[in-house]
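Below is one structure, written out as structure tokens; the observations come after it.
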Amino acid sequence: MRIPACERPCSAVWHHWDRDRWTPGSTPGPLVVGVWTEQKARLGEDAEPLLAHHRPSGRGLIAVFDGAGGAGSASAGRTSAGVERTGAWVSSRVARAATEEWFVDAVEQQRLEAQDLHRTVVRCLDYVRSPVQCKISGTMRRELPTTIAALTYRIAPGQVVWHTLWAGDSRCFVLDPDGGLQQVSRDDAEEGDALILLTEDPPMTNMVSANREFWINLEKGEISTPCVLLCATDGFFGYVHTPAEFEHVLLSTLITATDAGHWGDLLVETVRSYTGDDTSLALVAIGFRDFDDLRDRFTARAQHLSREHWAPMQRAAGSDRDELVTARTASWNRYRRSYERRMPKPTAGGLR
Amino acid sequence: MNRSNGNLQYAVDIVMCIDATASMGPVLDHVKDSALSFHERLGAVMGSKGKAISQLRLKVIAFRDFGDCPDDAIQQTDFLRFPDQAAEFERFVRGLDAIGGGDDPESGLEAVALAVHAPWERGLDRRRHVIVVFTDAPAHPLGSPAMTKIRGYPQNVPRSMTTLFEQWGFRQSRAALMENSAKRLLLFTPEESPWTEIADDWNNTLFFPSRAGEGLEEYEMDEIINTIAHSL
């Protein structure tokens with residue numbers, strides 16, 4: 001079945017709770033939520049978030065794709081209606097289609113190999129690549145550039161086993177009621193510190209593209225249920241004041257929401273109030289009895305974030321820059337230990 | 001539930017290195033127009049993305065040829081803050097004449113070196129330090145005694161391409177003068193040495209091949225502006 005989108009101008013929300021086959025005593029089926037927004041109507045360079053779940057095997061996939069506007073701002077052509085499409089717009093959609101194709105094939109063959117994802121993405125980009133060579137070059141230049149942040153999961157009794165696959169600076173996270181938000185990917189950038197990444201926004205050292213070699217990083221892990229797994233593009237986490245504020249966005253909207261669709265709507269409303277970019281987010285909540293259970297389990301964590309991180313930053317926001325910088329550094333120092341607990345160590349590169 | 005992104009401050013510094021030798025005569029007016037409209041076009045693109053530049057400064061380094069006439073080989077402004085100092089910027093740019101230079105090559109690398117040594121903004125968040133080079137000629141190699149011994153030759157220009165590369169910086173380099181996260185180099189130059197090597201070897205470059213007598217196409221200027229705007 002396809003999850004229908006609830007579409008509004010410049011945004012869309014998807015949600016579905018797979019409870020049909022749940023029986024008391026088993027792990028409740030997953031709740032999936034997808035959120036997508038664009039800055040300019042019909043020109044958003046993030047693809048729609050990818051949410052897929054294979055009931056027979058209990059495996060699923062969530063993923064986001066951010067067409068890289070800086071490196072791929074050149075036109076890739078026009079639609080039949082005359083709308084110009086950038087290379088970044090095309091590449092995020094192609095990468096999404098390739099990732100979906102890879103997952104469907106892989107889950108049916110019970111063979112989830114990252115090398116196959118890399119091959120599928122390269123093949124699909126080659127297929128749509130323009131035969132005309134662009135005369136603009138340079139080391140920043142990319143043909144059909146996009147990020148990928150994907151998280152595959154397998155639900156087992158009492159726990160979830162996941163694999164993260166990514167290229168670029170979109171991120172994968174786990175979120176649990178006690179440990180809060182933890183990043184389980186590592187940006188392809190020279191810097192690893194999330195606060196510096198937030199304030200300096202350095203260029204990526206690796207991303208998917210049609211004309212340069214790239215690699216897909218692979219990590220794996222597990223976490224006990226109940227928990228939330230999510231992927232997001234930098235439009236969501238790259239325009240807040242501190243890394244903790246992204247978790248505050250997720251949880252302050254959750255504890256205000258009445259159901260999953262409302263949560264998605266609140267995420268749209270909130271992210272559009274602060275972002276300067278297109279955004280996409282995909283999440284799967286596993287092991288919660290119902291939405292009230294999900295909301296109740298994160299209420300204490302949301303209150304902690306509000307007290308320890310959100311309120312101090314609000315007080316500093318009205319003061320001078322030095323006080324603001326001091327407050328955000330203090331927030332990060334208190335937050336980073338739990339946030340980075342599962343973050344992969346830097347490596348020379350993943351799967352090429 | 002609404003939040004503001006007003007506390008992330010975007011600081012953009014741009015140095016335009018403009019070849020003002022006689023061969024640029026047919027296109028210099030076009031380059032000037034591009035330079036003069038640059039900040040407004042950048043602001044418009046940023047505005048369309050819902051972002052505002054907190055601080056925009058432009059600096060111009062006009063170059064000719066130390067080997068031909070050292071006295072006017074470099075003419076430059078300080079960093080000028082926009083919009084407050086836009087009139088000063090316009091006066092300087094309008095006053096540039098395409099004269100001298102003799103034969104190719106010209107002193108384009110000296111201009112790039114002076115740009116690298118410019119007093120870039122080090123405060124605020126999300127800084128972008130952009131060098132844009134407009135020329136239709138190759139450049140003299142650095143370190144030639146025939147050049148470095150000329151009276152008035154800038155002392156802070158490195159004596160080799162290797163040193164200039166180190167000052168531009170690369171991953172984990174220690175001698176870099178440019179901030180790795182912030183820097184961008186946009187080259188509107190011919191496909192000749194040293195420009196093609198710089199475009200291929202230095203990080204964060206965009207290369208737009210130019211031909212003598214042909215100016216910057218509108219769509220190319222749009223792409224330069226889009227590249228800067230999208231990287232903020």
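This one's a predicted model, so the numbers in the text were calculated from it and none came from an experiment. In what follows, chains are A, B, ... by sequence order, proteins preceding strands, each numbered from 1.
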Using 0.5 Å steps for rounding, measure from the [atom1] atom of [X] to the [atom2] atom of [Y].
X      : Y      : atom1 : atom2 : value
A:T205 : B:N180 : OG1   : CG    : 10.5 Å
A:R141 : B:F208 : CZ    : CZ    : 7.5 Å
B:R127 : A:D201 : CZ    : CG    : 12.0 Å

### Atom CZ of A:R42: over 12 foreign heavy atoms under 6.0 Å
no
### Query
What part of B:N204 lies closer than 4.5 angstrom to a heavy atom of chain A: side chain, backbone, both or neither?
both
### Query
What are the two closest non-hydrogen atoms of B:R184 and A:P203, and how far apart are they?
NH1-CG, 4.2 Å
### Query
Where is the tightest heavy-atom contact between B:D200 and A:T139, given as atom of each residue plus distance?
O-CG2, 3.4 Å
### Task
Find out whether A:M140 and B:L185 are in side-chain contact, i.e. whether some heavy atom of one side chain is under 4.5 Å from a heavy atom of the other.
no
### Message
The test is side chain to side chain contact (heavy atoms under 4.5 Å, CB included); show your working for B:D125 and A:H241 and say whether it passes.
### Response
CA-CA 11 Å; B:D125 303 320; A:H241 304 120; over 6 Å; no
### side chain to side chain donor-acceptor pair (under 3.5 Å) partners of B:S181, counting only residues at least two apart
A:E200
